**Q** 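Can you read through this structure? Questions will come right after.
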Number of protein chains: 2
Amino acid sequence: MHDVAQLAGVSNKTVSNVVNDHPHVSPETRARVQRAIDELGYRPNLSARGLRSGRTGVIGLAVPQLRQPYFAELADAVIAAAERRGLSVIIGQAGADRAHETAVLANGLRQTDGLLFSPEHLGTEDRGLLDDVTYPLVLLGERIFGGPNDHVTMHNVEGARAAVEHLLSLGRRRIAVVGAHPDRRTGQMRPSDLRVRGYREALTVAGVPEDPRLEVVVAPWLPVNGVEATRELIASGVEFDAVLALNDSLAIGVLRALAEAGRRVPDDVAVIGFDAIADGRFTTPSLSTVDPGREEIAETAVAMLVERIEDGDRALRPRRFHKAAFRIVARESTGASTDVVGPWLPHPPATDGRD
Amino acid sequence: MHDVAQLAGVSNKTVSNVVNDHPHVSPETRARVQRAIDELGYRPNLSARGLRSGRTGVIGLAVPQLRQPYFAELADAVIAAAERRGLSVIIGQAGADRAHETAVLANGLRQTDGLLFSPEHLGTEDRGLLDDVTYPLVLLGERIFGGPNDHVTMHNVEGARAAVEHLLSLGRRRIAVVGAHPDRRTGQMRPSDLRVRGYREALTVAGVPEDPRLEVVVAPWLPVNGVEATRELIASGVEFDAVLALNDSLAIGVLRALAEAGRRVPDDVAVIGFDAIADGRFTTPSLSTVDPGREEIAETAVAMLVERIEDGDRALRPRRFHKAAFRIVARESTGASTDVVGPWLPHPPATDGRD
DNA sequence: TTGAAAGCGCTAACAA
DNA sequence: TTGTTAGCGCTTTCAA
């Protein structure tokens with residue numbers, strides 16, 4: 001920078017002004033400095049800038065595991081939203097255990113201005129941890145609820161309810177739900193609890209009796225567990241003509257297990273998932289699902305985090321809470337006839353498996 | 001840090017020594033400083049450290065798109081490998097176009113000590129760009145070949161060849177390959193070119209005649225294109241009793257299109273993919289594939305990058321080239337009977353769909 | 001509109 | 001074994 005200033009015959013400050021697009025620089029000075037920058041191939045040292053300004057231009061995203069398609073697609077959307085704002089994203093995988101997540105929350109991710117955190121293990125009982133957080137934080141999902149932080153999530157209850165209403169509208173009455181979590185204590189806000197609540201609400205409204213044998217407890221939400229749970233459901237002899245899988249990964253396992261058992265989808269059993277991951281478009285049959293609005297979640301969360309970062313220490317805004325719009329995506333697994341082949345777009349506006 | 005030094009009654013330097021686990025600090029001093037650190041909740045400013053030391057403790061990973069399962073799983077493995085070494089990972093998505101990739105290569109990712117770069121658009125003709133790179137760089141894949149950089153990749157030719165040999169061993173002779181890329185010019189080192197080469201080699205060795213109609217050109221490698229290509233192959237009337245899909249995403253589309261057309265897998269058509277993404281375990285039928293050794297690729301690439309970073313400007317080592325071990329994973333789509341259900345492990349040693 | 005000077009928090013080099 | 005000094009490259013404050 002010093003070299004640039006010398007070559008252009010100005011001071012450091014002026015170079016800095018040019019680099020940062022500050023006003024109050026005469027066009028000719030700006031041009032002269034720019035020429036010097038190009039000639040010398042000058043690139044600002046971002047560590048130094050970070051030291052001086054207290055900003056790194058990097059945000060953190062902590063997810064359980066990137067190899068779970070939902071989180072990969074979420075990360076994709078978050079990175080895109082951040083890059084639109086000139087920010088980089090450090091991704092941390094904290095899903096190994098509670099200790100790992102606690103450590104992430106206590107420290108943030110290194111070298112970042114703020115954190116988007118999607119916890120897997122932390123729950124309402126860990127709410128107290130949030131009060132100690134001193135950096136800008138936006139939570140994704142509802143596992144830790146009621147803290148002082150901004151929160152972006154999806155319509156878990158409403159989405160699941162709409163999914164079940166969709167199944168009911170097909171005339172199904174024996175609707176199983178796969179992916180309930182064990183009741184550790186009441187009042188939990190885990191996605192499984194919320195989605196099960198939506199499932200029950202839909203049944204209640206329709207006057208369809210609940211049957212505990214149709215609520216299959218299985219965690220975590222991986223295809224392999226969807227297979228196993230469905231095999232057990234079939235083996236139990238309970239009759240069912242539809243399945244709500246609480247996410248698409250489970251649903252893929254459900255489809256697999258039903259095919260093994262010779263149950264036809266959707267004729268014998270209709271299946272709907274949740275998340276609208278891309279893979280669901282290409283299963284056989286293609287997978288109906290709830291699109292939770294992942295792009296909106298990513299965009300909103302990044303926007304909120306940026307605002308918090310820019311606020312700095314001032315507590316200017318109240319805590320905010322945003323739920324993205326959702327919609328039901330009806331595909332073959334609930335009887336819709338869809339042609340999966342469409343035009344390929346390198347970065348389509350809707351990237352999450354919508355048809 | 002100054003506060004810590006005062007509270008502990010020592011100098012800044014001593015605090016620094018404690019924080020960095022330097023030797024030559026007496027145990028009692030260390031304990032006293034540590035107590036002060038804990039009491040004050042001191043956290044080192046990493047920007048300042050980065051400024052002073054010239055290291056950020058962050059590496060970059062540039063992939064085309066995180067939402068493609070192969071890259072999500074690769075990123076998962078890279079992050080895990082980096083975290084084992086106390087490093088963070090900034091992920092950039094550069095797949096939008098050539099210009100984006102060129103910019104990434106020219107600048108690196110901001111705030112990083114080095115870059116792992118998996119290009120999609122840059123090719124052998126862009127080799128010259130590599131000579132201008134001034135930061136530690138390890139390339140993934142073979143698109144830009146023969147540059148001065150370390151390189152980690154997979155056995156594309158051998159893997160594809162082994163896959164076709166597997167199909168031949170089942171008695172298949174009319175083997176289609178889906179995912180060849182258009183011939184822009186000869187001597188290309190794109191994965192598609194290499195895998196097609198392996199395909200041809202296997203046929204030649206077995207004395208099975210090549211048939212250009214069985215080489216289906218389609219790009220990019222997305223499920224939707226696998227569907228479309230397979231529909232066209234079927235519509236063309238060419239007979240085939242097996243398909244090598246050049247990656248698993250294509251293969252998932254191939255399975256889908258074959259099911260639509262009423263072709264039974266593997267009875268009528270055996271199918272094998274490439275990459276061993278997790279989804280392939282749960283398709284119906286489950287997908288045979290080539291496991292390219294993703295964990296090994298990630299671990300090796302991170303290790304090489306760290307060495308280059310530690311070397312600094314000194315050109316101590318010659319350029320290195322590493323190909324990970326691969327293996328064929330036989331599942332139902334080539335006639336193996338596999339039970340997909342196994343124990344669930346939060347971070348299994350083999351994370352990539354191996355059975 | 002531009003310049004000069006100070007200092008962000010840390011670590012390397014050297015001194016004690 | 002510990003302390004002192006200087007300076008990494010930038011931006012901010014204040015003065016010109």
Side-chain angles (χ1 to χ4, degrees), chain A residues 1-37 40-58 86 88 107-108 110-113 134-135 309-310 312-313, chain B residues 1-37 40-58 86 107-108 110-113 134-135 309-310 312-314:
Chain A
M1 172 153 160
H2 187 69
D3 296 344
V4 172
Q6 284 215 308
L7 180 59
V10 298
S11 75
N12 285 3
K13 171 59 182 157
T14 303
V15 176
S16 171
N17 283 341
V18 170
V19 169
N20 294 293
D21 268 337
H22 272 281
H24 306 310
V25 181
S26 72
E28 64 189 64
T29 308
R30 181 178 301 274
R32 194 148 36 88
V33 171
Q34 191 58 53
R35 228 177 304 122
I37 287 174
L40 268 47
Y42 165 75
R43 320 228 10 114
N45 177 316
L46 299 177
S47 285
R49 178 180 293 172
L51 174 57
R52 182 65 240 208
S53 66
R55 298 274 177 76
T56 62
V58 182
S88 305
N107 303 329
R110 315 167 358 150
Q111 297 276 64
T112 60
D113 295 334
T134 56
Y135 54 85
I309 291 168
E310 287 174 354
D313 289 334
Chain B
M1 173 152 160
H2 186 67
D3 297 344
V4 172
Q6 283 216 309
L7 180 60
V10 298
S11 76
N12 284 4
K13 176 55 183 159
T14 303
V15 177
S16 171
N17 283 341
V18 171
V19 169
N20 293 294
D21 267 336
H22 272 280
H24 307 311
V25 182
S26 73
E28 64 189 66
T29 309
R30 182 179 300 275
R32 194 148 37 87
V33 170
Q34 191 57 54
R35 226 178 305 121
I37 287 174
L40 268 47
Y42 165 76
R43 320 239 356 123
N45 178 316
L46 298 177
S47 285
R49 179 180 291 173
L51 174 57
R52 180 67 240 210
S53 67
R55 297 274 176 77
T56 62
V58 182
N107 303 330
R110 313 167 0 149
Q111 297 275 68
T112 60
D113 295 333
T134 56
Y135 53 84
I309 290 168
E310 287 174 354
D313 288 335
R314 296 154 305 190

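The analysis underlying the following values was restricted to heavy atoms, covering all of them including side chains, and did not include hydrogens, waters or symmetry mates. A, B, ... follow the sequence lines: proteins, then strands. Residue 1 opens every chain. For clarity, every value in this text was computed on a predicted model and none was experimentally measured.
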**Q** Answer yes or no: are there more than 12 heavy-atom neighbours, outside B:H22 itself, under 6.0 Å from its atom NE2?
**A**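 Enclosed: over 12 neighbouring heavy atoms sit under 6.0 Å from NE2 of B:H22.
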**Q** Side chains of B:N17 and B:H24, heavy atoms from C-beta outward: is any pair under 4.5 Å?
**A**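 With C-beta onward as the side chain, the pair stays apart.
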**Q** Check the pair A:V19 / A:I37 against side-chain contact (heavy atoms from CB on, under 4.5 Å), numbers first and verdict last.
**A** CA-CA 9 Å; A:V19 169; A:I37 287 174; 3.9 Å; yes
**Q** What is the distance, rounded to the nearest whole Å, between atom CD1 of B:I37 and atom C1' of C:dG9?
**A**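 After rounding, the reported distance stands at 14 Å.
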**Q** So which one's nearest nucleotide on DNA chain C is more toward 5', B:N20 or A:A48?
**A**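 The 5'-side residue here is A:A48.
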**Q** Among D:dT2, C:dT2, C:dT11, find the nucleotide with the atom closest to the side chain of B:M1.
**A**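 The nucleotide sitting nearest to the side chain is C:dT11.
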**Q** Whole Å only: how far is the CG atom of B:N17 from the P atom of C:dA12?
**A**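 Taking CG of B:N17 and P of C:dA12, I get 9 Å after rounding.
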**Q** Between atom CZ in A:R43 and atom P in D:dC10, what is the gap in whole Å?
**A**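 Result: 11 Å.
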**Q** Indicate yes or no: at least one non-hydrogen side-chain atom of B:N20 is less than 4.5 angstrom from one of B:R49.
**A**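 The answer is yes; the side chains approach within 4.5 Å.
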**Q** Give every pair of a protein N or O atom and an N or O atom of nucleotides 3-5 of chain C that lie under 3.5 Å apart, one pair per line with the distance.
**A**
residue : atom : partner : partner atom : Å
C:dG3   : OP2  : A:S11   : N            : 2.9
C:dG3   : OP2  : A:S11   : OG           : 3.2
C:dG3   : OP2  : A:T14   : OG1          : 2.6

**Q** Starting at CZ of A:R49 and ending at C1' of D:dC8, how long is that distance when rounded to a whole Å?
**A**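 Distance, rounded to whole Å: 16 Å.
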**Q** Using a distance-only criterion (donor-acceptor N/O pair, under 3.5 Å, no hydrogens), is the base of D:dG7 paired with the side chain of B:R52?
**A**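 Result: at least one qualifying N/O pair found.
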**Q** How far does the helix from C:dT1-D:dA16 to C:dA16-D:dT1 bend, going by the axes of its first and last five pairs, to the nearest 10°?
**A**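 Inter-axis angle at the ends, rounded: 30°.
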**Q** Are B:S53 and C:dT11 close enough that a side-chain N or O sits under 4.0 Å from OP1 or OP2?
**A**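 For C:dT11, OP1/OP2 do not have a side-chain N/O of B:S53 under 4.0 Å.
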**Q** Could you state the CZ-P distance from A:R32 to C:dT1, rounded to the nearest angstrom?
**A**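 Between P of C:dT1 and CZ of A:R32: 15 Å.
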**Q** Check whether any side-chain nitrogen or oxygen of B:S26 sits under 4.0 Å from OP1 or OP2 of D:dT2, and answer yes or no.
**A**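 Looking at the OP1 and OP2 atoms of D:dT2, one of them is under 4.0 Å from a side-chain N or O of B:S26.
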**Q** Figure out the CG/P separation between A:N45 and D:dC8, and round it to whole Å.
**A**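 Atom CG in A:N45 sits about 11 Å away from atom P in D:dC8.
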**Q** For A:R55 and A:I309, indicate whether the former's side chain and the latter's backbone hold a donor-acceptor pair under 3.5 Å.
**A**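 Yes, the answer is positive, given that a donor and an acceptor are paired below the 3.5 Å cut-off.
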**Q** Round to a whole Å and report the spacing from CG of B:L46 to P of C:dG9.
**A**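 After rounding, the reported distance stands at 13 Å.
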**Q** Provide the full list of salt bridge (Lys or Arg N to Asp or Glu O under 4.0 Å) pairs with a residue in residues 11-31 of chain B, sequence neighbours left out, each pair given once.
**A**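 Sorted result for residues 11-31 of chain B: B:D21-B:R30.
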**Q** Could you tell me whether the side chain of B:Q111 reaches within less than 4.5 Å of the side chain of A:L46, counting heavy atoms only?
**A**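 A:L46 reaches B:Q111 side chain to side chain.
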**Q** Provide the closest heavy-atom pair for A:L40 versus A:V4 in the form atom of the first, atom of the second, distance.
**A**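 Residues A:L40 and A:V4, closest heavy atoms: CD2-N, 3.7 Å.
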**Q** What is the distance from CG of A:L51 to P of C:dG7, rounded to the nearest Å?
**A**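 Atom-to-atom, A:L51 to C:dG7, this comes out as 14 Å.
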**Q** Quick check: do B:R32 and B:T29 have side-chain heavy atoms less than 4.5 Å from each other?
**A**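 Counting from C-beta outward, B:R32 and B:T29 do come under 4.5 Å.
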**Q** From the set D:dT1, C:dT2, D:dC10, return the single nucleotide nearest to any side-chain atom of B:T29.
**A**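 Nearest listed nucleotide: D:dT1.
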